[in-house]
Chemist: 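The following block contains the structure, expressed as structure tokens.
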There are 2 protein chains.
Amino acid sequence: MKRDSSGKTLADYPRPSVAVDTAVLTVAPGGTLEVLLVRREGARQKDAWALPGTFLHEGERLADAVRRSLEQKAGLRETRTPRQLHVFDDPGRDDRGRVLSVAHVVVLPWDVVAAVVEARPDDVRLRPVTDVGRLRFDHPEIIERAVDEIRADHRERPDPERLLAEPFTLPQLRRVHEAVAGRSLQPDSFRRRMTPHLRDTGETQEGAVGRPAVLYVRVNGRRPGDATERDRR
Amino acid sequence: MKRDSSGKTLADYPRPSVAVDTAVLTVAPGGTLEVLLVRREGARQKDAWALPGTFLHEGERLADAVRRSLEQKAGLRETRTPRQLHVFDDPGRDDRGRVLSVAHVVVLPWDVVAAVVEARPDDVRLRPVTDVGRLRFDHPEIIERAVDEIRADHRERPDPERLLAEPFTLPQLRRVHEAVAGRSLQPDSFRRRMTPHLRDTGETQEGAVGRPAVLYVRVNGRRPGDATERDRR
DNA sequence: GTAATAGTGTCTATGAGACACTATGCG
DNA sequence: CGCATAGTGTCTCATAGACACTATTAC
């Protein structure tokens with residue numbers, strides 16, 4: 001057993017439990033930004049919903065605990081690298097004892113999230129981030145931080161969460177960004193901001209009413225897992 | 001003992017040790033941004049320095065653990081509300097066992113930091129953030145995140161960390177911001193950015209060579225502890 | 001007066017918003 | 001053709017940088 005400078009091992013220090021709680025965000029076809037909620041286990045009241053979470057297992061990384069919680073609590077298998085938001089450490093925040101919770105955000109395409117909601121409609125639901133209902137603990141603040149985080153990432157870069165499959169049109173891209181931003185965006189200044197990060201494929205979208213839109217792919221494209229809070233500054 | 005939905009108590013889950021590590025930043029009179037380092041306890045090599053840190057005690061909040069570590073490791077008594085930066089969770093990051101570390105940043109006025117360095121020069125030192133020397137673990141990344149964090153806070157607001165006592169002149173303020181930014185700033189555009197957040201006291205600074213500078217105080221002044229990562233967005 | 005520092009008026013480049021205008025498909 | 005949607009040229013406004021210019025003190 002390793003000992004530190006006071007001759008103590010790590011087991012001699014009291015250790016809190018560590019949990020992860022995750023805001024899974026997605027863009028609904030209607031153009032709203034929605035968050036995934038799961039029914040609270042063992043809840044006394046009906047309609048008791050919460051963000052999916054779990055306790056960190058031995059030797060497990062935080063990101064892996066997030067992935068495990070999403071699979072266990074919501075049946076989500078395809079997830080991307082979660083991003084940390086904040087550690088909540090209020091000693092009274094869990095009545096079972098001292099629990100630190102590391103809040104995370106994960107953004108997923110609509111189909112992936114909609115499929116699990118359809119599979120388990122009694123246990124899993126989606127709510128617009130502007131109307132999440134009554135939630136436990138500090139979960140509304142986690143959602144607020146999650147939304148702030150991904151809004152900041154969407155300001156300069158086209159679909160940094162890769163919600164759209166390539167190639168896509170500028171109007172498609174704009175609709176995703178409008179859902180994230182929670183407001184409509186000017187087509188012209190949106191185009192100016194985004195085209196430096198896009199490459200024209202020369203193809204156009206077929207079969208729609210109106211003038212066909214040009215199809216683009218991302219350039220300088222970072223993979224979703226690369227994006228961290230720090231990249232923004 | 002409280003039990004959860006699986007009939008387990010919290011003690012049935014393995015718990016990691018939780019530590020805090022803190023980058024204490026200050027602005028030296030020479031105009032450099034510096035970080036406080038402490039000599040590693042029980043270090044085998046000489047010149048083994050690290051950011052001050054400690055293990056979280058039972059029932060203790062993270063911010064209180066930060067304050068305690070700064071007093072114990074560096075003799076710093078006057079500290080302000082620390083801000084969280086990131087949780088480092090690499091399972092191999094501490095050879096004594098599984099340790100999560102929550103990185104923080106604290107910004108303090110020069111006199112406060114200089115006093116403790118003078119009191120314990122063998123155990124405590126300051127280094128420019130651009131040249132920290134060889135550090136253990138993930139400490140250089142913590143410093144990088146700390147600097148990014150406070151640079152972002154200084155972009156729009158005059159001296160958000162209250163390093164200057166009121167009233168102060170615009171050139172004094174600019175010198176602080178230049179140290180934080182790590183580069184010189186245009187006097188005129190700096191003035192334009194800052195004056196909306198300042199109130200002219202009508203007084204001027206006496207006794208210096210050259211035209212006397214007008215003294216200002218902050219308006220809309222949040223207290224240091226109020227500022228969080230989220231306020232920036 | 002000169003030296004030194006504080007403060008400002010103004011030009012220019014950049015980028016966002018607004019908005020009207022053009023372009024190109026479908027029926 | 002008309003309708004619907006995509007895309008652009010251009011004006012205006014706000015802001016940052018650059019830089020020369022003025023202002024006010026000590027000596």
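Throughout, a chain's letter reflects where its sequence line sits, starting with A, and its residues are numbered from 1. What you see is a predicted model, and the numbers here were worked out from it, not measured in a lab.
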Chemist: Among all residues two or more places apart in sequence or in another chain, which pass the ring pair (Phe, Tyr, Trp, His ring centres under 6.0 Å) test with A:Phe190?
Modeler: A:His177
Chemist: In a table with atom names and distances, give each donor-acceptor pair under 3.5 Å that connects a side chain of residues 22-34 of chain B to protein atoms at least two apart or in another chain.
Modeler:
{"unit_1": "B:Thr26", "atom_1": "OG1", "unit_2": "B:Leu108", "atom_2": "O", "d": "2.8"}
{"unit_1": "B:Thr26", "atom_1": "OG1", "unit_2": "B:Trp110", "atom_2": "N", "d": "3.2"}
{"unit_1": "B:Thr32", "atom_1": "OG1", "unit_2": "B:Glu34", "atom_2": "OE2", "d": "2.9"}

Chemist: Please list, chain by chain and in numerical order, all residues satisfying side chain to side chain contact (heavy atoms under 4.5 Å, CB included) with A:Glu156, sequence neighbours excluded.
Modeler: A:Arg193
Chemist: Would you kindly give the CZ-to-C1' distance between B:Phe168 and C:dA6, to the nearest whole Å?
Modeler: 16 Å
Chemist: Side-chain donor-acceptor contacts of residues 199-216 of chain B below 3.5 Å, not counting sequence neighbours, with atom names and distances?
Modeler:
{"unit_1": "B:Asp200", "atom_1": "OD1", "unit_2": "B:Gly202", "atom_2": "N", "d": "2.6"}
{"unit_1": "B:Thr201", "atom_1": "OG1", "unit_2": "B:Glu203", "atom_2": "N", "d": "3.2"}
{"unit_1": "B:Thr201", "atom_1": "OG1", "unit_2": "B:Leu215", "atom_2": "O", "d": "2.8"}

Chemist: Tell me the interatomic distance from B:Met194, atom CE, to D:dA16, atom P, rounded to whole angstroms.
Modeler: 10 Å
Chemist: Based on Watson-Crick and G-U pairs with both distances under 3.5 Å, what dot-bracket line describes DNA chain D 5' to 3', crossing pairs as [ ] and inter-strand pairs as |?
Modeler: |||||||||||||||||||||||||||
Chemist: Looking only at heavy atoms, what is the nearest atom pair of A:Val99 and A:Arg93, with distance?
Modeler: O-NH1, 3.4 Å
Chemist: Not counting sequence neighbours, which residues clear side chain to side chain contact (heavy atoms under 4.5 Å, CB included) with B:Val132? List them please.
Modeler: B:Val35, B:Leu135, B:Ile143
Chemist: Start at the 5' end of DNA chain C and walk down; is the nucleotide closest to A:Thr204 or to A:Arg155 reached first?
Modeler: A:Arg155
Chemist: Please list, for nucleotides 12-14 of chain C, all pairs of protein and nucleotide N/O atoms separated by less than 3.5 Å.
Modeler:
none

Chemist: Just the rounded figure in Å: distance from P of D:dT24 to CD of B:Glu206.
Modeler: 15 Å
Chemist: What integer distance in Å separates B:Gln186:CD from C:dT10:P?
Modeler: 19 Å
Chemist: How does protein contact run along nucleotides 5-13 of chain D, one letter per nucleotide 5' to 3', with B for base contact, S for sugar-phosphate only, - for none, heavy atoms under 4.0 Å?
Modeler: BBSBBB---
Chemist: Rounding to a whole Å, what distance do you find between A:Arg193:CZ and C:dG15:C1'?
Modeler: 10 Å
Chemist: Check for a donor-acceptor pair, side chain of A:Asp159 on one end and backbone N or O of A:Leu164 on the other, with a separation under 3.5 Å.
Modeler: yes
Chemist: Can you tell me how far C1' of C:dA16 sits from NE2 of A:His177, to the nearest Å?
Modeler: 17 Å
Chemist: A:Arg68: which residues meet the side chain to side chain contact (heavy atoms under 4.5 Å, CB included) condition with it, sequence neighbours left out?
Modeler: A:Thr54, A:His57, A:Glu60, A:Ala65, A:Gln72
Chemist: Taking CG from B:Leu185 and P from D:dA18, how many angstroms apart are they, rounded to a whole number?
Modeler: 11 Å
Chemist: Please identify each residue that fulfils salt bridge (Lys or Arg N to Asp or Glu O under 4.0 Å) with A:Arg192, with sequence neighbours left out.
Modeler: none
Chemist: Considering only residues two or more places apart or on different chains, which pairs with a residue in residues 112-129 of chain A satisfy side-chain hydrogen bond (donor to acceptor under 3.5 Å, both in side chains)?
Modeler: A:Arg127-A:Asp131
Chemist: Going by the rule ring pair (Phe, Tyr, Trp, His ring centres under 6.0 Å), which residues pair with B:Phe88 if we only count those two or more places apart in sequence or in a different chain?
Modeler: B:His86
